[in-house]
Number of protein chains: 4
Amino acid sequence: MSLNVGQEAPFYWPIRVYYEDTDAGGVVYYANYLKFFERARTEWLRSLGFEQDVLRDEHGVIFVVSSVQIEYKHVIKFNEELRVSCRLTELSAATMNFHQVAERTFDGAVLSEATIRIVCVNAQNFKPKPIPNVLRSCCL
Amino acid sequence: MSLNVGQEAPFYWPIRVYYEDTDAGGVVYYANYLKFFERARTEWLRSLGFEQDVLRDEHGVIFVVSSVQIEYKHVIKFNEELRVSCRLTELSAATMNFHQVAERTFDGAVLSEATIRIVCVNAQNFKPKPIPNVLRSCCL
Amino acid sequence: MSLNVGQEAPFYWPIRVYYEDTDAGGVVYYANYLKFFERARTEWLRSLGFEQDVLRDEHGVIFVVSSVQIEYKHVIKFNEELRVSCRLTELSAATMNFHQVAERTFDGAVLSEATIRIVCVNAQNFKPKPIPNVLRSCCL
Amino acid sequence: MSLNVGQEAPFYWPIRVYYEDTDAGGVVYYANYLKFFERARTEWLRSLGFEQDVLRDEHGVIFVVSSVQIEYKHVIKFNEELRVSCRLTELSAATMNFHQVAERTFDGAVLSEATIRIVCVNAQNFKPKPIPNVLRSCCL
């Protein structure tokens, strides 16, 4: 059974654009938004009290991405600041769906928007494994 | 008018997995597939005789990604080899759609599969601009 | 004339280790320390009131690295936290020398230590150009 | 005992500059040369018949970088090509010293030049371990 999860306010994580994030077009390189989205998911988990290295060591699980749908809408330049939201939209036995938005901080312009599906897997063989109950109960 | 483009055989580009491509899970980091797909698109263009720096300098255009849909199916480890296909599936005035697959070389296992939409834009202001005719005519 | 600059306390910038920073060895990838050091230099400049995009737009200069000497002493793992120091040690017309240390936050273990030479250059042609006075006077 | 190793001709590995390698300055980002140098070392090892995943699985060792001294001399732009040399200059029980140069292919301009020290370590605990004899004998 898959549950729709109605979180009221999304979690936000601020990110500064350094040279490492940009490319010769003068803007953030498209693949780097996936790094930014992951930072926000990690910090969202941390804000709930979960550390991924502890989940791996105590429960034997890691989270892997199984699909991403992303639209790029505006570019952001070197030294500007963005913020990335993280909202859990669906939760089933071993998967979590997230809706994430990257916005330029100073004017709220949407830079990119993504739907990302995460699977909880065994850290050794990468086979799906139920999300630990301690985390599940926190997300419902 | 948007045309469906029926290329017979996809273009393939080989990629070796170095430490830089992996993460602490022991496999290629999910964002890096977007780098691999772009390498293959760049080399496909080059195989047709087009250099992106020349297109920028002579036609004032660069190509930016407007959307990506990607599914991750298998993982690939450090030091293994993959090959990435690049197939143009649709062409309109300023956009190109690609279907791209990353396969492990030794057994053909599909690692990830993506639909990627590219927009041709003015290199200065990032506004859509028609794909140069010399390139269009080559793709039809 | 080159001046030795005696700053009392170094500037520190905290950094969390995400998957993007690690490699298949399970630890931060060696090239990524150069990213971390640059983040700290950028934030040190910002703490003095200087934004690099403003320096580029108003003074026509950017900063490029001309040499790095780095020693790697300990490894740091996924999800751990480090802090990176930034101390200006020498200042001449167009160059700045920095001493930077990356330390694991929880125990102070030195992860890596570097001497980094920066040159102020013309943003168009990359030729050396004097450091803007407004910045120089702030560093002495 | 440490031996000076007199290789006649250096090994070269070609590298194309993609968007992923560049930054908003329009040139290859300084940290990325460390990736390029590592690709060349990996391919040099492969040219001698050694695969690092096999060395890890059969001998329990991996190679980590213990120090880098690098000078940056010229910049290289998007879509240009470089080649990276790899020359072993010193070999002791558990360490290897390399001299590596990155040159722009079309005119031979030296982009950067580095001395890099590698330590052979136990893959589990990162403690130094002798370089496997099968590899040592190949390098002398």
Side-chain angles (χ1 to χ4, degrees), chain A residues 13-24 26-47 49-59 61-65 68 75-82 84 86 104-106 116 118 121 123-124 126, chain C residues 13-24 26-47 49-59 61-65 68 75-82 84 86 104-106 116 118 121 123-124 126:
Chain A
W13 186 250
I15 288 171
R16 174 68 65 171
V17 178
Y18 298 113
Y19 272 122
E20 65 183 90
D21 304 310
T22 59
D23 68 20
V27 300
V28 166
Y29 182 63
Y30 86 123
N32 291 338
Y33 283 95
L34 300 198
K35 297 184 178 179
F36 296 168
F37 287 135
E38 183 175 343
R39 293 183 200 174
R41 293 194 304 273
T42 299
E43 298 298 340
W44 167 80
L45 265 180
R46 195 185 324 279
S47 75
F50 298 98
E51 299 288 340
Q52 288 179 74
D53 50 354
V54 175
L55 288 170
R56 182 195 57 204
D57 295 345
E58 295 187 355
H59 296 270
V61 297
I62 60 175
F63 298 105
V64 298
V65 176
V68 175
V75 294
I76 185 168
K77 294 183 177 169
F78 170 65
N79 212 43
E80 294 190 323
E81 202 187 59
L82 63 154
V84 178
C86 178
R104 194 159 48 201
T105 305
F106 88 93
I116 296 176
I118 303 289
V121 302
Q124 300 308 315
F126 287 84
Chain C
W13 187 250
I15 288 170
R16 175 67 66 171
V17 177
Y18 298 113
Y19 272 122
E20 64 183 90
D21 304 309
T22 59
D23 68 21
V27 300
V28 166
Y29 181 63
Y30 86 121
N32 291 339
Y33 284 95
L34 300 199
K35 297 184 179 180
F36 296 169
F37 287 135
E38 184 176 342
R39 292 184 201 174
R41 292 193 305 274
T42 298
E43 297 298 341
W44 167 79
L45 264 179
R46 194 184 326 277
S47 76
F50 298 97
E51 298 289 340
Q52 288 179 77
D53 50 353
V54 175
L55 288 170
R56 183 195 57 205
D57 295 345
E58 295 188 354
H59 296 270
V61 296
I62 60 175
F63 297 105
V64 298
V65 175
V68 174
V75 294
I76 186 169
K77 293 184 178 169
F78 170 65
N79 212 43
E80 294 190 323
E81 201 188 59
L82 63 154
V84 178
C86 178
R104 194 160 46 202
T105 305
F106 88 93
I116 296 177
I118 303 289
V121 301
Q124 299 308 314
F126 287 84

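Sequence lines set the chain letters: A, B, ... in the order given, protein chains first and strands last, and positions in each chain run from 1. We use all heavy atoms of the structure for the numbers below, so side chains are in, but hydrogens, waters and symmetry mates are not. Everything numeric in this text was worked out from a predicted model, so none of it was measured.
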Chemist: Any chance you could measure Asn79(C), atom CG, to Arg46(A), atom CZ, to the nearest 0.5 Å?
Modeler: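 So the gap between those two atoms works out to 5.0 Å.
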Chemist: Check whether the side chains of Gln52(C) and Tyr18(A) place a donor and an acceptor atom closer than 3.5 Å, and report yes or no.
Modeler: no
Chemist: Between CD of Glu20(C) and CG of Asn32(A), what distance do you get to the nearest 0.5 Å?
Modeler: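 Output value for this atom pair is 8.0 Å.
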Chemist: Can you tell which of Arg16(A), Glu38(A), Arg56(A) has the highest number of heavy-atom pairs within less than 4.5 Å of chain C?
Modeler: Arg16(A)
Chemist: Glu51(A) versus chain C, heavy atoms under 4.5 Å apart: side chain, backbone, both or neither?
Modeler: both
Chemist: Do Ile62(A) and Phe78(C) come within less than 4.5 Å of each other through their side chains, counting heavy atoms only?
Modeler: no
